[in-house]
Structure formats: C-alpha cells, structure tokens
A.B. asks: 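Once you've had a glance at the structure underneath, I'll fire off some questions.
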2 protein chains.
Amino acid sequence: MAIGTLGHALLGLLAQRECTGYELTRTFDESLAHVWPTKHSQIYPELAKLQAAGLIRQSGSGARGSKTYAATAEGLEEVRRWMRDTIPSESVRTERMLRVFFLWLLPPNEASTYLREIGGRHRERLARYEAIAAIIPSDDPEDRMGRIAIEAGIRYESAMADWASWAVEEIAKSAS
Amino acid sequence: MAIGTLGHALLGLLAQRECTGYELTRTFDESLAHVWPTKHSQIYPELAKLQAAGLIRQSGSGARGSKTYAATAEGLEEVRRWMRDTIPSESVRTERMLRVFFLWLLPPNEASTYLREIGGRHRERLARYEAIAAIIPSDDPEDRMGRIAIEAGIRYESAMADWASWAVEEIAKSAS
DNA sequence: GCCTCCATGTAATTGGTTACATGATTCT
DNA sequence: AGAATCATGTAACCAATTACATGGAGGC
C-alpha cells in the first residue's frame, strides 16, 4: 500500500494545519488543482489509506459528521522524506498545449481564434494570481514560500499570454 | 467506444503523414511527451481502437512486422472536429510545481537546492528547444505552426528558469 | 418548503504506468 | 557472438474521472 503524489500532497497540507476532507477538497479546487487536479472522490479514500498507514490521525469531529485530520509525527517525517529524497516526475500534461501541435489542421483564422481564446484565459488567471500576490504581506517570512509559489503562476501565465499574442501576430504575418 | 485525447493526438500525427506505431512512439518520446506523456503500451491498443472505428487504416507493412497506418477521410474529419468544436481540458498536472507549495517544509538551504536543480533542468530544456528553433527555416509557411509550438516551449522554460533564479534570491534575502 | 452549501462516502469506468514477453535486424 | 535498436504486443496494477447516493444545517 504505497503512498503516491496525492497522498503526499494531502500530508503536506495537513502538516500545515489540521483539516477536514471537505476543506482539503476546497484547497485543491482553489489552488493546488492548478498543478494537481483532484476530486473529493479521490481524496476521501486516500485519507482512509493515510490513516491506516499511521501517517495521519483523526484529530476531531465537527458538525454534520465532519472529521478533522492531522498529520502524525511519522506523517511529517514521510512528507519531508518525499520532498528531500525523491525525484519529482518530470512529466507535465496539458491538453491545451498538445493541441498547439495540431493547429496546422485548422484554417489560419480558426487557429488565431484558438490562440486568442487561450491567451484570454491566461490573462484572466494572471489577473487572479496578481490579486492574490498583492495581498500577501511581502515582509512576513512565514508567507515567503507561498509568495514564491504564486510567483511561479504569475510568470507562467504571463509568459503564455505573451506567447499567444505573439503567435496570433505570426499567423497574421504569413496570411498577408 | 469513445475516442479520447490520446486517440486524437495519434490522429493528428497520422493526418500529417503515415507512420508505424514505433514511429508514433518515438515522436511522442521526442516532442509530444513534453505536454502529453504516453508509452508504447498505450499507443498500440489505441491504434487498434482507431482502426476498428474506421478513423485510420493500415496503409502498408514493412520490415520486422512493422505496420504503417494512415488517417482515413473520417479520421481527418474527426480530428478537425475535435480541434474546432470541443473545448480543451483546462487541467495541467505537474509534480514539480506541486512540490513548490510544500517547500516551507524544508530548511531554506534545501529549498534553494531544489529550486536550483529545477532551474537547471528548465535551462537545459530551453537550450534544446532553442537549438531546434534555430534549424527551422523561418520563412517557410509549412513550418510556421511548428515554430509556434516550439516558441511556447521556449517561453515556458525561460519563464520557469528565471522564476527559479528569482526564488533562490528571495530565500537568500530572508536568510540574512 | 425549497435551495444552497456543507459534508462524506461508494461504484463503475476510463486512462495511464510498469512489467512481462517475444522476435527481427543492424552494428561492432 | 553480443549489444543496441527496431518493432509489436499483452497483463496487471494503480491513478483519476464521472456518476451515484445520502443526509445535515442555515438562509429565504
């Protein structure tokens, strides 16, 4: 019963503060899902597995049958070991970028529409990330790692938005 | 027997030119795997499915029992429909970026090591992509879409390499 | 009373990875 | 003769998505 990437991500969140399965699900939806999409139907069974392995424990229970989990000492050790001693998978999976390889199948105007649309989505997310970055106090060392993570998002979205605009112009050039 | 993203990607490649399963596997390994990782053990069964659906046909056979496949008219239509009429999944999956959310678990010097290592990998790939871009003739409209795809890779790797360097400096600042 | 959000789970299916298995051809 | 590369496939397992299923609590 080996524990995978999702398990380690849950451990990482629970290392910060105790949470219910529902809260973990929302944290994924709001931030981690941008790099590691997950559904509640995967989170609940995974929590059961982590508990069975002694890496988390149920630290309380609240209204509507909610259960709060916390990382155990072994859990903390495990997530640190994962961060230090294991090599992250190189792989990135993005259908949006995959499709770029097949844009030649479309007439130039439709390819441009596709690129403009994805540029728009990147700009949207860029604005959201910048808004989040703006409210992180820049002098608090506690938040520094959070700021570093959001900066990755900002630079990624910004680079892709610029690329999309550039690509639209490239296509316009060749059409003339 | 619905056809998924991998099936459409294979159709897209076969729309360009006929290929054997082995050649498709290599094309994935060399370029498409950066955005859609796949193994030969998934490609061969998928080709059988596409053939059964009439979207590709076996167009020949060569040495060592190799089989060459080509997209049929229906296959071409299907991949164009996919590009035009379906919305790509928003999701991106990258363990490397997931781990950035948990860098606070490590002491600053180990977090810096992680960031320097991923920065190095991004610079490596950037160099490879730039080398590929350099040999694409910039005036050939046939290659323009390929150039646009590689430019996305260049900008992505470049942005992430810069981000990693910036992050290392941020950590150094807070340590002092 | 109804709607929304909170809250947890299971079942069925599809997608993806790792391991197993085999054999031909070419290069050294 | 042995190693590397070409070439195709299957089986077992694990990960992920979609659909099913249920119920409490609070607001309107």
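Here is how names work: the chains are called A, B, and so on, in the same order as the sequence lines, proteins then strands, and each is numbered from 1.
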A.B. asks: I'd like the 5' and 3' limits of the part of DNA chain D contacted by chain B, with heavy-atom contacts below 4.0 Å.
C.D. replies: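 Terminal contacting nucleotides, 5' to 3': dC6(D) to dT17(D).
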A.B. asks: Would you say V79(B) and F102(A) make side-chain contact, with heavy atoms under 4.5 Å?
C.D. replies: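 V79(B) vs F102(A): side chains apart.
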A.B. asks: Anything under 30° is parallel, anything over 60° is perpendicular, the rest tilted; go ahead and classify Y156(B) against Y156(A).
C.D. replies: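 Taking Y156(A) first and then Y156(B), their aromatic rings stand perpendicular (interplane angle over 60°).
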A.B. asks: Give a yes-or-no answer on whether the side chains of E18(A) and S59(A) include a donor-acceptor pair shorter than 3.5 Å.
C.D. replies: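 Per modelled atom types, E18(A) and S59(A) side chains form a pair under 3.5 Å.
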A.B. asks: Between S91(B) and E23(B), which has a closest nucleotide on DNA chain D that is more 5'?
C.D. replies: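 Closest to the 5' end, via its nearest nucleotide, is E23(B).
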A.B. asks: Could you tell me how far apart F28(A) (CZ) and dA7(C) (P) are, to the nearest whole angstrom?
C.D. replies: 18 Å
A.B. asks: Kindly compute the distance separating CH2 (W166(A)) from CE (M160(A)), expressed to the nearest 0.5 Å.
C.D. replies: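 One gets 11.0 Å once the value is rounded to the nearest 0.5 Å.
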A.B. asks: Check DNA chain C against residues 40-56 of chain A and give the residues with a non-hydrogen atom under 4.0 Å, in numerical order.
C.D. replies: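 Contacting residues: H40(A), S41(A), Y44(A).
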A.B. asks: Let me know which of K49(B), E46(B), Q42(B) forms a side-chain contact (heavy atoms from CB on, under 4.5 Å) with L10(B).
C.D. replies: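 Going through the options one by one, the only one that passes is E46(B).
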A.B. asks: Given dT18(C), is OP1 or OP2 found less than 4.0 Å from the side-chain N or O atoms of K39(B)?
C.D. replies: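 Yes, K39(B) has a side-chain N/O under 4.0 Å of OP1/OP2 on dT18(C).
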A.B. asks: Expressed in angstrom and rounded to an integer, what is the separation of L6(A) atom CG from dG16(C) atom P?
C.D. replies: 17 Å
A.B. asks: With no hydrogens and no angle check, do the side chains of T86(B) and R99(A) hold a donor and an acceptor under 3.5 Å apart?
C.D. replies: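 There is such a pair between these side chains.
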A.B. asks: With no hydrogens and no angle check, do the side chains of E90(B) and H34(A) hold a donor and an acceptor under 3.5 Å apart?
C.D. replies: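 On atom types as modelled, these side chains do not qualify, holding no pair under 3.5 Å.
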A.B. asks: Find which nucleotide of DNA chain D each of W36(A) and R64(A) is nearest to by heavy atoms, and output the residue with the more 5' nucleotide.
C.D. replies: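 Mapping each residue to its closest nucleotide by heavy atoms, the 5'-most match is W36(A).
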A.B. asks: Measure the distance from CG on L98(A) to C1' on dG16(C) and round it to the nearest whole Å.
C.D. replies: 15 Å
A.B. asks: Measuring only between side-chain heavy atoms, which start at C-beta, is R57(B) closer than 4.5 Å to Y69(B)?
C.D. replies: no
A.B. asks: Examine dG15(C): is either OP1 or OP2 under 4.0 Å from a nitrogen or oxygen in the side chain of R93(B)? Give yes or no.
C.D. replies: no
